[in-house]
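These numbers come from a predicted model, not from an experiment.
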Amino acid sequence: MSSCRGEKLAGGLRVASSFPLCQPAGEPSRGKMRSSCVLLTALVALAAYYVYIPLPGSVSDPWKLMLLDATFRGAQQVSNLIHYLGLSHHLLALNFIIVSFGKKSAWSSARVKVTDTDFDGVEVRVFEGPPKPEEPLKRSVVYIHGGGWALASAKIRYYDELCTAMAEELNAVIVSIEYRLVPKVYFPEQIHDVVRATKYFLKPEVLQKYMVDPGRICISGDSAGGNLAAALGQQFTQDASLKNKLKLQALIYPVLQALDFNTPSYQQNVNTPILPRYVMVKYWVDYFKGNYDFVQAMIVNNHTSLDVEEAAAVRARLNWTSLLPASFTKNYKPVVQTTGNARIVQELPQLLDARSAPLIADQAVLQLLPKTYILTCEHDVLRDDGIMYAKRLESAGVEVTLDHFEDGFHGCMIFTSWPTNFSVGIRTRNSYIKWLDQNL
């Protein structure tokens, strides 16, 4: 059936106009449908272009990782726009997005009691696992979350689920510290928070309240939390009242130095999600309340060039050509500038402070540390920080377990439940908890 436009003449005849006026009744709707299909195809293509990034074939669940990375990049771009408009600091905006979508209340289960409280003014979330009938006192882990000293929370789902699993499987008390973040505070305030909360927890009356064995306590953390855990561990060895208070330290893909951003893992994973090199360098600058103008110079190691005398004393402690096995150095070459920018270290002396860079600590400090577990991932710019620290600790006589995952990426251990459940996330978490169970 069709409809025609034209002129009506005497006798009821119609004469069609000289331009096309007749078309099937369904033609407009089909045209709209074609336009919609073209638009949808274009949007899908744009989305695919935004999501897709080349990844090594050995990385766990590559398409899922691309989607996770695209989501995080999108949140970063929104927060940068908010910053540009003058509405909020970009890190505050980004963390608001992260916490808003993932915050979880202190909800107890039949087997794990969860409570929010504070230890000497520092917020903590405490997870009390079920006791073992034959052990009246429980083991304990003080856990410090990651997030570049600026993001995440002990109260988001990822860390709540991790600590709940630890408390239940280890029959332990887990203290997850909610330390203050950049840009509200800067280095070394984050360290002060975790030290203050941990010292409070180690008081005999507090340990007794939670039924914790004072001889079975571990300090642990991931990423920037691993950095803070390592710094705390070193600080406790130099405090006579706290010496030998920690039985273990367990560091999950820790960030341990900011003096060489061209180790083999930094070169290999320069654009690997979810922590590209450029982003890691910016986290460091933010942590020190530094100038973003320094970022590009730091990426090429201009801050530790041969003419920067302040860096000379610690350079040997970061010599990855001697600290890393050949299987990790591969064909990568050190990036050592002859001349650079001495102003960076002069304005940011924190770069050379062992509290921010535990990897450069003196041998005398390292040899006092407890038995250590370090988890590293192949597809992570921080891989070599952990491996070099393991080597330095071993050389200092510390017993070390280095647990390396060939298909792992930065942050993977907290991604264990839908929709961000990764095979390597489940395996890393299980391996970590197993080591704690066997050694704590």
Side-chain angles (χ1 to χ4, degrees), residues 53 68-99 145-153 179-191 222-228 253-263 265-304 335 340-341 343-353 356-357 359 379-385 409-411:
I53 51 173
L68 176 65
D69 178 65
T71 302
F72 189 56
R73 278 188 285 120
Q76 286 177 311
Q77 288 161 358
V78 169
S79 65
N80 288 338
L81 176 61
I82 292 171
H83 185 102
Y84 176 77
L85 295 173
L87 301 176
S88 176
H89 190 286
H90 70 98
L91 290 173
L92 289 176
L94 180 57
N95 204 37
F96 177 81
I97 295 170
I98 291 170
V99 173
H145 71 81
W149 308 282
L151 304 174
S153 165
Y179 57 94
R180 292 170 296 165
L181 304 172
V182 174
K184 292 185 178 179
V185 297
Y186 300 91
F187 173 88
E189 292 304 314
Q190 286 83 350
I191 298 172
D222 64 297
S223 191
N227 169 279
L228 296 172
Y253 30 78
V255 50
L256 298 170
Q257 58 86 28
L259 301 175
D260 187 355
F261 293 113
N262 287 275
T263 61
S265 61
Y266 267 109
Q267 294 187 53
Q268 172 183 295
N269 299 299
V270 61
N271 291 315
T272 300
I274 55 176
L275 187 65
R277 177 171 63 178
Y278 178 77
V279 172
M280 186 65 245
V281 177
K282 285 185 68 178
Y283 282 143
W284 275 112
V285 173
D286 283 322
Y287 189 33
F288 298 147
K289 201 178 181 180
N291 190 330
Y292 281 159
D293 291 343
F294 292 157
V295 170
Q296 290 300 330
M298 292 169 68
I299 284 175
V300 296
N301 287 351
N302 274 347
H303 60 309
T304 53
V335 176
N341 187 349
R343 178 174 155 238
I344 298 175
V345 170
Q346 290 165 3
E347 291 194 17
L348 300 177
Q350 307 96 311
L351 287 162
L352 300 173
D353 190 326
S356 75
L359 180 56
H379 308 290
D380 181 7
V381 292
L382 302 180
R383 180 198 69 189
D384 296 343
D385 283 24
F409 58 90
H410 189 78

Enquirer: Could you grab the distance from atom CD1 of Ile97 to atom OG1 of Thr71, nearest 0.5 Å is fine?
Expert: 11.5 Å

Enquirer: Do Leu68 and Ile274 make a side-chain contact, defined as non-hydrogen atoms from C-beta onward lying under 4.5 Å apart?
Expert: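 Leu68 reaches Ile274 side chain to side chain.
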
Enquirer: Test Ile191 against Tyr179 for side chain to side chain contact (heavy atoms under 4.5 Å, CB included), laying out the working first.
Expert: CA-CA 8 Å; Ile191 298 172; Tyr179 57 94; over 6 Å; no

Enquirer: With the side chain counted from C-beta on, respond yes when Val270 and Val381 share a heavy-atom pair under 4.5 Å apart, and no when they do not.
Expert: no

Enquirer: Applying side chain to side chain donor-acceptor pair (under 3.5 Å), which residue pairs with at least one partner in residues 82-97 are found, sequence neighbours left out?
Expert: His90-Tyr292

Enquirer: Would you say Glu347 and Phe294 make side-chain contact, with heavy atoms under 4.5 Å?
Expert: yes

Enquirer: Assess whether side chain to side chain contact (heavy atoms under 4.5 Å, CB included) is satisfied between Phe72 and Ile98, documenting all intermediate values.
Expert: CA-CA 9 Å; Phe72 189 56; Ile98 291 170; 4.1 Å; yes

Enquirer: To the closest 0.5 Å, what do you measure between OH (Tyr253) and CG (Asp222)?
Expert: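 It is 5.0 Å, given to the nearest 0.5 Å.
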
Enquirer: When rounded to the nearest 0.5 angstrom, what is the spacing between CZ in Phe261 and CG in Asn302?
Expert: 12.0 Å

Enquirer: Looking at every non-hydrogen atom in both residues, tell me the closest pair between Ile53 and Asp69 and how far apart they are.
Expert: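 Nearest heavy atoms, Ile53 then Asp69: CD1-OD2, 3.6 Å.
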
Enquirer: Between Leu348 and Gly290, which heavy-atom pair has the shortest distance, and what is it?
Expert: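 That would be CD2-CA, 3.8 Å.
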
Enquirer: Using the salt bridge (charged side-chain N to carboxylate O under 4.0 Å, His left out) criterion, which residues pair with Arg277? Sequence neighbours excluded.
Expert: none

Enquirer: Verify, without hydrogens or angle tests, whether Thr263 (side chain) and Asp384 (backbone) share a donor-acceptor contact under 3.5 angstrom.
Expert: no

Enquirer: Closer than 3.5 angstrom, by distance alone: can the side chain of His410 be matched with the main-chain N or O of Arg383 as a donor-acceptor pair?
Expert: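 Answer holds: no.
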
Enquirer: Hey, mind stepping through Asp260 and Val335 against side chain to side chain contact (heavy atoms under 4.5 Å, CB included) and telling me if it holds?
Expert: CA-CA 8 Å; Asp260 187 355; Val335 176; 5.6 Å; no

Enquirer: Is the closest side-chain donor-acceptor distance between Asp385 and Gln257 under 3.5 Å?
Expert: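 Gln257 and Asp385 do have a side-chain donor-acceptor pair below 3.5 Å.
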
Enquirer: So which heavy atom on Tyr283 is nearest to which on Leu275, and how close?
Expert: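 Scanning both residues, the minimum pair turns out to be CE1-CD1, 3.8 Å.
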
Enquirer: Between the side chains of His145 and Ser153, does any donor sit under 3.5 Å from an acceptor?
Expert: no

Enquirer: Less than 3.5 Å apart, any donor N or O on the side chain of Asp380 or Asn269 sitting next to an acceptor on the other?
Expert: no

Enquirer: What pair of heavy atoms forms the shortest contact from Phe409 to Pro273, and how long is it?
Expert: CB-O, 4.1 Å

Enquirer: Are the side chains of Gln76 and Leu94 in touch, meaning some heavy atoms are under 4.5 Å apart?
Expert: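 With C-beta onward as the side chain, the pair touches.
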
Enquirer: List the steps, then state whether side chain to side chain contact (heavy atoms under 4.5 Å, CB included) holds for Trp284 with Val255.
Expert: CA-CA 10 Å; Trp284 275 112; Val255 50; 3.4 Å; yes

Enquirer: Taking side chain as C-beta onward, heavy atoms only, is Tyr287 less than 4.5 Å from Gln190?
Expert: yes

Enquirer: Considering residues at least two apart in sequence or located in another chain, which fulfil the side-chain contact (heavy atoms from CB on, under 4.5 Å) criterion with Tyr278?
Expert: Lys282, Val295, Gln296, Ile299

Enquirer: Which distance, rounded to the nearest 0.5 Å, do you find between the CH2 of Trp149 and the CG of Leu91?
Expert: 12.0 Å

Enquirer: Whether the side chain of Asn227 engages the backbone of Leu256 through a donor-acceptor N/O pair (distance < 3.5 Å, no angle test) should be reported.
Expert: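 Judged by distance alone, no pair lies under 3.5 Å.
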
Enquirer: Minimum heavy-atom separation for Gly148 to Ala224, with atom names?
Expert: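 The pair with the smallest heavy-atom distance is N-CB, 3.6 Å.
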
Enquirer: Once you round to the nearest 0.5 Å, how far does CG of Leu151 lie from CZ of Phe96?
Expert: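 It comes to 14.0 Å.
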
Enquirer: Can you name the closest pair of heavy atoms from Thr272 and His379 and give their distance?
Expert: CG2-O, 3.6 Å

Enquirer: Hey, what do you get for OG1 (Thr304) to CE (Met298), rounding to the nearest 0.5 Å?
Expert: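 Nearest 0.5 Å value for the OG1-CE distance: 9.0 Å.
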
